[in-house]
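The chains referred to below are lettered A, B, ... by the order of the sequence lines, with proteins before strands, and numbering in each begins at 1.
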Number of protein chains: 2
Amino acid sequence: MADGAPYTISDLAESFDVTARTLRFYEDCGLLAPERHGRTRLYSERDRKRLRLVLRGRRLGFSLEEIKEMLDIHYARPGEVSSPDVMRARIAAHRARLVQGREDAVIALDWLDALEGRLDRLAPREARRAVAGRMG
Amino acid sequence: MADGAPYTISDLAESFDVTARTLRFYEDCGLLAPERHGRTRLYSERDRKRLRLVLRGRRLGFSLEEIKEMLDIHYARPGEVSSPDVMRARIAAHRARLVQGREDAVIALDWLDALEGRLDRLAPREARRAVAGRMG
DNA sequence: TGTTTAGTTAACGTAAACGTAAATTTTTCA
DNA sequence: TGAAAAATTTACGTTTACGTTAACTAAACA
C-alpha cells in the first residue's frame, strides 16, 4: 500500500522524452536504481525525481559522472558522509560553473537580441497579419 | 600596418587555456580561419574574439556545429543573409535553450546551497583560523 | 493457443570533440 | 649556420552518451 503508481520503462521514457535505452544506460551508470518485478523494471516517484535531477544536470552541461557525484552527495545518509571537505570543494566547483554559466547566458542572450535586431534590419519580417486585406 | 600584434597558435592556446590541437580542430570545423604566413597560422584580434565566442558557446553546452551556426549568422554580410526566417527560428531555439538553462541554473544553485547546508550539519567545518592558539 | 507486444541482456556501432604519436617543415637563436 | 624549439600535416586512438541490432522471455490479447 501507499506505493503511488509504479511506471514502466516506456511510461517514464515517454513522459520525459528520452528513450528506454537512455534509462537503462543511466541505471548502468548508477544514476537510477528502479525496483524489479522479475526482470522488469518498475520506476517509483523517487526514481522520477532522480531522473528529473539527472536531466536538469544534463541540460546544464554536466557530465553524467558529475551528476552522479552530486546525486550521491544529495542522497548520502549521515553515516556515509565521507571526506566532507572534498565534497565541499566539489560543490564549490559546481557552483562556480553554474555562476559562470549564468553570466555567459546573460551575455549570450543580449548577443542573440542584437543578432535578431540586425537580421530584422537586413531582412525585414513579412507582415503575416496583412494577407487577407489590401491589394485585392 | 594597423595590424595589432598577430598571435601564434601557442600564444592563443595558452591565453585561452586550450591546446593547439583544439585550435586546429576548430579551424577544421570552420570556426576559425586564421591567416597564414607560409604554413604557419597567424591569429588576429578578430580571431581572438571569435574564439572567445566559441568558448562561451561551449561553456553554455552548445555543440560546435550550433556555435558555428550562430557565428555564421553573427558574421553574415548583408547580401549573404539567406533564408532569414530559418535563422530567426534557430535564434529562437537558441534563446529558448539559454532561458531554460538559466532557470535550471537558479534551481541548481538553490539545490547546491541546500546540499552544502546539509553537509555542514552532518559534518561541521573545522575552525581553520584557530590552529595557532590554544591546546599548545 | 498462437502471436503480437513490451520488456530483457549482450554486444557492437557511432558522432562529437578532441588526444596522441609520427614524420616533416619552419623558425629562432646562440 | 646549425641545432633546438615550435609549427605543420596525417592518421589512428579515446571518452562520453547513447543508438542499433540480435536473440530471448514474459505478458497480453484475439
* What orientation do A/His74 and B/Trp111 show, parallel under 30°, tilted 30 to 60°, or perpendicular over 60°? -> tilted
* **Nearest-angstrom distance from the residue atom CD of B/Glu27 to C1' of D/dT8** => 11 Å
* Asked: Any side-chain donor-acceptor pair under 3.5 Å between B/Arg58 and B/Tyr26?
  -> yes
* B/Arg36 side chain, from C-beta outward: closest of D/dT8, C/dT8, C/dG19 -> D/dT8
* Asked: Any salt bridge between B/Arg88 and B/Asp85, counting N to O under 4.0 Å?
  -> yes
* Asked: Whole Å only: how far is the CD atom of A/Glu14 from the C1' atom of C/dG7?
  -> 16 Å
* Thinking salt bridges, do A/Arg125 and A/Glu116 make one under a 4.0 Å N-O criterion? -> yes
* Ignoring backbone atoms, establish whether A/Arg58 has a side-chain N or O less than 4.0 Å from OP1 or OP2 of D/dT16. => no
* Structure fact -> Closest to the side chain of A/Thr22, out of C/dC18, C/dA17, D/dG19, is D/dG19
* Provide, to the nearest angstrom, the distance between the CG atom belonging to B/Leu32 and the P atom belonging to D/dT8. => 13 Å
* **Side-chain N,O (B/Thr8) to OP1/OP2 (D/dA6) below 4.0 Å** => no
* Structure fact -> note: B/Ile67, atom CD1; C/dA17, atom P; distance rounded to Å ~ 8 Å
* Asked: Do A/Arg21 and D/dT20 have a side chain to base donor-acceptor pair shorter than 3.5 Å?
  -> yes
* Asked: Base, sugar-phosphate alone, or nothing: which one does A/Arg41 contact when heavy atoms must sit under 4.0 Å apart?
  -> sugar-phosphate
* Structure fact -> Which of D/dC18, C/dT8, C/dA17 is nearest the side chain of B/Phe25? It is C/dA17
* **For atom CG of B/Leu42 and atom P of C/dT27, their distance in whole Å** => 10 Å
* To do: Would you mind reading off the distance between A/Arg59 atom CZ and D/dA17 atom C1', rounded to a whole angstrom?
  => 17 Å
* Checking all strands, does B/Arg39 fall into the base, sugar-phosphate, or nothing category for heavy-atom contacts under 4.0 angstrom? -> sugar-phosphate
* When all nucleic acid strands are considered with a 4.0 Å heavy-atom cut-off, which category describes A/Arg24: base, sugar-phosphate, or nothing? -> base
* Nearest-nucleotide comparison on DNA chain D, the residue closer to the 5′ end among A/Thr40 and A/Tyr26 -> A/Tyr26
* Asked: Which part of the nucleic acid, if any, lies within reach of A/His37 when heavy atoms closer than 4.0 Å are counted: base, sugar-phosphate only, or nothing?
  -> nothing
* **Atom-to-atom span, CG of B/Leu23 to C1' of D/dA7 - whole angstrom** => 13 Å
* **Nearest-Å distance for atom pair CD/C1', residues B/Glu65 and C/dC18** => 16 Å
* Taking only Lys NZ, Arg NE, NH1 and NH2, and the carboxylate oxygens of Asp or Glu, determine whether B/Asp28 and B/Arg24 approach each other closer than 4.0 Å. => no
